[in-house]
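First up is the structure itself, then whatever we jot down about it.
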2 protein chains.
Amino acid sequence: MRAVAADAGVSPALVLHHFGSKEGLRQACDEHVLDAIRSGGEVDASALGHVLRAATPVRRYLGRALLDGTEGASVLFTEIVDRTEEWLAVGEAEGWVRPTSDARARAVTYVSWLLAPLVLGDQVGRLLGGDPAETATAVRGARAGLEMLTGGLFTDDRWLTAFTAVDERESSR
Amino acid sequence: MRAVAADAGVSPALVLHHFGSKEGLRQACDEHVLDAIRSGGEVDASALGHVLRAATPVRRYLGRALLDGTEGASVLFTEIVDRTEEWLAVGEAEGWVRPTSDARARAVTYVSWLLAPLVLGDQVGRLLGGDPAETATAVRGARAGLEMLTGGLFTDDRWLTAFTAVDERESSR
DNA sequence: ACGTGGACTGAACGATCGTTCAATACTCTG
DNA sequence: CAGAGTATTGAACGATCGTTCAGTCCACGT
């Protein structure tokens with residue numbers, strides 16, 4: 001509270017006066033960040049660019065909220081997953097998305113992948129180029145990701161079959 | 001400190017006696033979690049199973065450490081990325097990994113994808129089945145991920161070209 | 001001009017935090 | 001059994017936390 005007030009150049013008491021409590025301020029921050037993300041058009045996979053280009057503070061805050069399980073963040077996550085699942089279903093029907101055995105799991109995993117560089121932004125940025133706030137860094141990772149999603153990373157299904165074997169061995173134990 | 005001591009059934013003073021300070025306890029936790037992960041054999045992509053099956057508290061702690069930029073967690077992240085890049089290079093040479101235009105970015109993105117369900121474990125678990133601690137839930141997501149990496153998600157390169165177009169338009173502005 | 005309401009502040013309160021310290025209980029070695 | 005070292009504790013200290021409150025300053029409608 002005192003740090004926030006100092007950054008804003010006001011007294012701690014004023015922050016309380018406007019937001020009621022610390023929790024009130026936190027909810028206001030949630031709404032602000034969530035609105036900032038949603039305002040980038042419809043919340044679906046096409047928002048990729050907006051999310052990746054989001055300013056670093058917003059990225060950090062969203063990552064923290066997602067991890068802490070904030071109610072607003074959970075709602076946003078579910079929202080993105082639902083729309084992504086629909087979007088992938090359309091693609092499947094139109095033939096530009098491969099069929100899957102578990103549409104829900106694929107949508108959830110896809111979204112978590114989409115959000116991964118966002119949550120792990122500091123780590124990714126550190127290894128991909130000095131400035132984590134630099135857009136070019138995020139773009140570089142995004143291109144690498146799209147390459148993997150287009151045509152795949154592996155040329156055969158050796159890891160998929162290996163995983164299946166391991167999984168069956170584990171679960172039968 | 002007091003909560004940790006209460007959970008351990010001892011006094012707060014004893015925790016300080018053993019770990020010196022709160023920071024000392026935190027570093028000890030870092031080492032414990034990191035060792036627990038590393039003990040699952042070599043730290044490379046084959047550790048996928050171990051990481052995914054790690055107990056939920058460890059997962060949560062690692063996620064938080066990764067996000068907070070703990071030194072130990074940063075070292076671990078870099079370590080995994082380096083070994084993954086080597087591993088992918090071998091696969092590329094042997095023909096079971098597709099070539100890429102940016103090996104480093106691909107390794108970083110791959111690792112962040114690997115860690116995503118781990119960091120976002122609560123969200124993923126919530127949408128994939130009631131119990132986030134349940135192994136079956138993580139396995140379901142892992143299979144969906146491997147499917148996407150094997151043969152790809154998209155059947156053509158429409159999104160890759162679309163992304164390239166958007167990126168060039170943005171960067172020329 | 002006046003007063004009413006909201007923006008805004010400084011000081012303080014109680015709670016909680018990490019930490020210190022003297023003192024006690026316990027467990028070995030000689 | 002005596003003694004040394006370790007484990008363990010309760011109480012307290014100072015710092016920081018979110019919050020309260022009485023009061024000041026300022027803008028604006030009548």
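Worth saying up front: this structure is predicted, and the values here are computed from it rather than measured. Chain A is the first sequence line, chain B the second, and so forth, proteins listed ahead of strands; every chain is numbered from 1.
No more than 12 heavy atoms of other residues, nucleotides or ligands lie within 6.0 Å of CD in B/Glu71, so this atom counts as exposed by the packing criterion.
Between A/Trp87 and A/Tyr110, the ring planes are tilted. Angles from 30° to 60° get that label.
Considering A/Glu85, A/Glu79, A/Glu86 in turn, A/Glu79 is the only one that fulfils the salt bridge (Lys or Arg N to Asp or Glu O under 4.0 Å) rule with A/Arg83.
Along DNA chain C, the nucleotide closest to B/Glu23 and the one closest to A/Pro12 are compared, and the more 5′ of them pairs with A/Pro12. Of the residues near DNA chain D, A/Met1 and A/Ala13, the one whose nearest nucleotide (by heavy atom distance) lies more toward the 5' end is A/Met1.
In this structure, A/Phe19 atom CZ and C/dA7 atom P are separated by 12 Å, rounded to whole Å. The distance from atom CZ of B/Arg2 to atom C1' of D/dT9 is 13 Å, rounded to the nearest whole Å. In this structure, B/His18 places its NE2 atom 12 Å from C1' of D/dT9, rounding to the nearest Å.
B/Gln123 and A/Ser112 share no donor-acceptor pair across their side chains, judged by distance under 3.5 Å alone.
Minimum atom distance to the side chain of B/Lys22 is reached by C/dG18, of the listed C/dG18, D/dT9, C/dC8. Checking D/dG18, C/dC8, D/dT8 against every side-chain atom of A/Leu14, the shortest atom distance belongs to C/dC8.
Within the 4.0 Å cut-off from OP1 or OP2 of C/dA7, at least one side-chain nitrogen or oxygen of A/His17 is found.
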